[in-house]
Protein chains: 2
Amino acid sequence: MARIEDIARELNVSVSLVSKVLSGRMGSTRVSPRVAEAIRGRADALGYRKNVSAAGLATGRQHTIGVLMHALGVPGSGIAEAMLHGISREAAAHNQRVILQFFHEDNQMRSWIDEVDHTSVDGVMVCGGMHWDLLADYLALQQRRVPIVTLHDRQMHPSIGTVGCLQAGVGRMAAEHLIRCGCRRPAIIGSNYSQARGSLEVLREADLPCDPSRVFVARGYLWTTGEEAVAHFASEGVQYDGLIAHSDQQAAGAINALIRSGRRVPEDVKIIGVDNSAACDFAVVPLSSISQQERTQGLLGVRMLMSLIENPQQRPDPVWVEPVLHARRSSAAPA
Amino acid sequence: MARIEDIARELNVSVSLVSKVLSGRMGSTRVSPRVAEAIRGRADALGYRKNVSAAGLATGRQHTIGVLMHALGVPGSGIAEAMLHGISREAAAHNQRVILQFFHEDNQMRSWIDEVDHTSVDGVMVCGGMHWDLLADYLALQQRRVPIVTLHDRQMHPSIGTVGCLQAGVGRMAAEHLIRCGCRRPAIIGSNYSQARGSLEVLREADLPCDPSRVFVARGYLWTTGEEAVAHFASEGVQYDGLIAHSDQQAAGAINALIRSGRRVPEDVKIIGVDNSAACDFAVVPLSSISQQERTQGLLGVRMLMSLIENPQQRPDPVWVEPVLHARRSSAAPA
DNA sequence: CTGAAAGCGCTTACAG
DNA sequence: CTGAAAGCGCTTACAG
């Protein structure tokens with residue numbers, strides 16, 4: 001509960017000087033090292049801690065960023081947590097606190113944003129599902145001088161900073177990998193349009209079958225959709241020697257269904273998922289997967305946001321992280 | 001950027017009155033509904049947002065709680081995220097912001113705590129691994145008038161509020177379940193001492209084999225320890241018809257190893273894990289598991305912390321949530 | 001009952 | 001160069 005004033009009084013120096021020394025912002029002021037040392041020593045001895053509200057009120061900087069996480073990732077994927085780890089660590093490196101709020105509905109998010117301005121956070125980061133309905137709210141927030149960075153796979157607006165991973169690239173990587181492993185007729189569990197498009201492009205370029213019948217359009221990323229896809233392709237008589245899933249859960253569900261129907265993975269069908277979740281390693285057949293580097297996204301997102309906070313006029317180009325392939329046995333070529 | 005003063009001036013009322021109306025704390029003051037309405041209307045029209053730093057400085061309440069998360073849960077378990085969801089939602093219900101920081105080492109945590117006092121957060125919640133080394137820091141934080149609640153499975157100190165799940169109870173539940181499913185000779189993958197003890201108690205009470213040789217002491221909760229346990233019991237010649245694991249990853253690793261060695265789950269060996277993670281549903285053999293209700297823990301933790309913030313003198317009794325059994329095929333009794 | 005005024009603890013432009 | 005003083009925007013005890 002010691003205040004700057006207490007230190008100043010005890011040391012017979014001005015409050016200004018103590019403030020300047022303790023905040024490290026000396027301006028044009030000069031102090032003898034002796035005095036500076038005395039001030040710091042006294043602060044320590046008194047257990048002085050800066051009152052962040054008072055400092056924030058005076059400077060207008062809160063040293064706080066808001067993180068809004070909109071239901072991200074399939075349960076167990078661990079991607080939301082990875083992103084938060086990246087954000088948390090990088091924010092700490094920039095001496096920023098992180099205010100976290102999870103959301104399930106647009107309206108919760110809208111009312112949170114509506115209450116916020118530059119006196120509560122220095123900037124805002126939005127993670128998870130992209131919601132065009134919220135664009136107007138994001139822009140309104142910017143008007144209130146709160147810079148915003150989204151961690152999405154598309155840039156919603158030129159004035160909104162974005163870090164993400166291009167989904168078409170993920171889809172391309174999956175298809176290229178299966179082809180490299182010897183697949184000639186991969187099928188696709190298509191939950192993500194851009195990923196599916198990327199995969200189909202690669203198949204077309206390689207002169208492999210790529211008609212729409214080879215894509216099972218799923219509504220979601222859960223393991224059940226993987227089972228459904230296997231059943232669907234069977235009932236439609238679609239032949240395939242590879243399966244591109246859009247989540248690891250999906251891929252796991254598909255593996256289970258295939259094994260149950262007597263097919264072998266990877267001998268008969270090679271499979272690859274997305275998320276590189278922990279379960280890839282301990283699946284019956286260790287699962288090949290593609291990581292979108294969520295942790296790195298979080299880190300780069302914070303950097304971009306900090307740079308926007310320093311210089312609000314910028315319109316930074318979107319940053320796209322490269323997906324990373326993790327090949328495991330589910331896609332292994334015959335030995 | 002509108003301030004209370006702007007509203008007051010436009011409406012020709014006092015700043016005090018506007019503050020009282022907008023904060024809803026009228027004290028002994030009375031306003032006509034007409035004036036109150038006018039004030040609120042003007043605030044809306046001007047896009048007024050309370051400056052939380054100024055309010056915090058004046059009242060001493062920050063409407064913010066700090067959440068320190070110390071590497072919690074095996075990757076993919078989803079328990080850290082569940083806990084955060086519970087915390088985030090309940091904090092919002094109490095109109096509190098959540099400041100989140102992840103930690104990997106004691107010292108990071110120590111220095112965070114050391115910088116904090118009641119002018120930056122109203123209270124602190126500690127989740128994840130229990131670190132006795134930090135007890136002194138927690139108590140020092142309390143001295144600085146910051147109440148603290150830990151989400152641990154033991155109470156570290158009578159003055160520290162605690163919400164958790166008693167590990168012996170988890171162990172008991174696992175053993176009781178396997179016995180109910182027909183196991184007469186369960187073995188244990190013992191990563192958690194208290195859980196193992198609980199299971200052994202139940203075995204002893206049921207007059208089933210419970211000598212130490214039936215516990216494989218593992219160092220960690222990853223799937224590899226599950227494989228190691230199966231190999232260990234095989235090489236030691238330990239016979240078992242049930243396997244109690246202390247994480248789902250472990251259980252999954254064990255299932256894989258058992259299947260590879262030609263044993264059937266659940267026919268030859270019944271297995272149960274802990275965490276009730278998403279992967280339980282899409283494992284080759286859907287995995288029975290025990291949930292420690294992390295989401296509920298988070299919720300109750302916030303409630304306890306809020307109550308400590310209102311009334312710092314309390315020494316609330318620890319709250320232990322009941323573990324919840326989720327039976328799946330891996331432990332199914334013969335049909 | 002009402003509102004002017006002091007105060008929360010810091011920062012910094014600027015008078016001396 | 002230095003430090004007194006004003007100011008950040010809110011809250012609330014208390015003088016009238």
Side-chain angles (χ1 to χ4, degrees), chain A residues 1-36 38-39 42-43 46-64 115-122 144-145, chain B residues 1-36 38-40 42-43 46-64 95 115-122 144-145:
Chain A
M1 349 248 145
R3 301 153 306 156
I4 278 189
E5 199 191 321
D6 301 319
I7 300 172
R9 189 161 7 84
E10 291 200 20
L11 254 39
N12 244 312
V13 296
S14 74
V15 166
S16 324
L17 192 63
V18 176
S19 170
K20 285 168 179 165
V21 168
L22 290 181
S23 67
R25 270 173 286 161
M26 296 302 297
S28 57
T29 307
R30 194 123 318 180
V31 246
S32 72
R34 242 179 43 75
V35 173
I39 289 175
R42 220 57 218 116
L46 294 174
Y48 172 78
R49 285 171 186 79
K50 184 182 294 190
N51 183 316
V52 293
S53 294
L57 181 58
T59 62
R61 274 282 254 119
Q62 313 311 130
H63 291 285
T64 302
E115 285 180 11
V116 160
D117 67 8
H118 65 107
T119 69
S120 47
V121 295
D122 298 323
R144 270 176 261 136
R145 303 185 6 215
Chain B
M1 349 247 143
R3 300 153 308 155
I4 278 190
E5 199 192 320
D6 300 320
I7 299 172
R9 190 163 2 86
E10 290 200 20
L11 254 40
N12 246 312
V13 296
S14 74
V15 166
S16 323
L17 192 62
V18 176
S19 169
K20 286 168 178 167
V21 168
L22 290 182
S23 66
R25 269 173 287 160
M26 296 303 295
S28 57
T29 307
R30 194 122 321 179
V31 244
S32 72
R34 241 180 42 73
V35 173
I39 289 174
R40 275 189 274 268
R42 218 61 217 112
L46 294 175
Y48 172 77
R49 284 172 186 79
K50 184 182 296 190
N51 184 316
V52 292
S53 294
L57 181 57
T59 62
R61 274 283 256 117
Q62 314 310 130
H63 291 284
T64 302
N95 196 22
E115 284 180 11
V116 160
D117 67 8
H118 64 106
T119 69
S120 46
V121 295
D122 299 322
R144 270 175 262 136
R145 301 181 11 213

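These numbers were taken from a predicted model, which means no experiment stands behind them. Order of the sequence lines fixes the chain letters, A, B, ..., with proteins taken first and strands second; residue numbering starts at 1 for each chain.
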Atom CG of Asn12(A) and atom C1' of dT2(D): how far apart are they, to the nearest Å?
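To the nearest whole Å, that distance equals 15 Å.
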
Residues in side-chain hydrogen bond (donor to acceptor under 3.5 Å, both in side chains) contact with Ser19(B), at least two apart in sequence or another chain
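If we apply the side-chain hydrogen bond (donor to acceptor under 3.5 Å, both in side chains) test to Ser19(B), skipping adjacent residues, there are no hits.
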
Considering residues at least two apart in sequence or located in another chain, which fulfil the side-chain contact (heavy atoms from CB on, under 4.5 Å) criterion with Ala43(B)?
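Listed in chain order: Ile7(B), Leu22(B), Tyr48(B).
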
For Val15(A), which residues count as a side-chain contact (heavy atoms from CB on, under 4.5 Å) partner, sequence neighbours excluded?
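Expected list: Ile4(A), Glu5(A), Ala8(A).
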
Would you please name every residue forming a salt bridge (Lys or Arg N to Asp or Glu O under 4.0 Å) with Arg61(A), sequence neighbours left out?
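Arg61(A): salt bridge (Lys or Arg N to Asp or Glu O under 4.0 Å) contacts with Asp122(A), Glu310(A).
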
Tell me, please, which residues at least two apart from Arg42(B) pass salt bridge (Lys or Arg N to Asp or Glu O under 4.0 Å).
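For Arg42(B) the salt bridge (Lys or Arg N to Asp or Glu O under 4.0 Å) partners, ignoring immediate neighbours, are Glu10(B).
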
Quick one: the dot-bracket string of DNA chain D, using Watson-Crick and G-U wobble pairs with both distances under 3.5 Å, [ ] for crossing pairs and | for bases paired to another strand.
|||.||||||||.|||

Per-nucleotide protein contact string for nucleotides 8-16 of chain D, where B marks a base within reach and S marks sugar-phosphate only (heavy atoms under 4.0 Å, - for neither)
BBBBBB---

Rounded P spacing from dG7(D) to dG16(C) in Å
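Here dG7(D) and dG16(C) have their P atoms 15 Å from each other.
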
Validation: residues 49-57 of chain A side-chain donor-acceptor distances under 3.5 Å, sequence neighbours left out:
residue: Arg49(A); atom: NE; partner: Asp114(B); partner atom: O; Å: 2.6
residue: Arg49(A); atom: NH1; partner: Gly47(A); partner atom: O; Å: 3.0
residue: Arg49(A); atom: NH2; partner: Asp114(B); partner atom: O; Å: 3.1
residue: Arg49(A); atom: NH2; partner: Asp114(B); partner atom: OD1; Å: 3.3
residue: Asn51(A); atom: OD1; partner: Ser53(A); partner atom: N; Å: 3.0
residue: Asn51(A); atom: OD1; partner: Ala54(A); partner atom: N; Å: 3.0
residue: Ser53(A); atom: OG; partner: Gln62(B); partner atom: NE2; Å: 2.7

Of all pairs that satisfy salt bridge (Lys or Arg N to Asp or Glu O under 4.0 Å), the ones with a partner from residues 11-27 of chain B, not counting sequence neighbours
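Residue pairs with at least one partner in residues 11-27 of chain B: there are none.
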
Hey, what do you get for CD1 (Ile39(A)) to CZ (Arg34(A)), rounding to the nearest 0.5 Å?
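Taking CD1 in Ile39(A) and CZ in Arg34(A), the distance rounds to 11.0 Å.
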
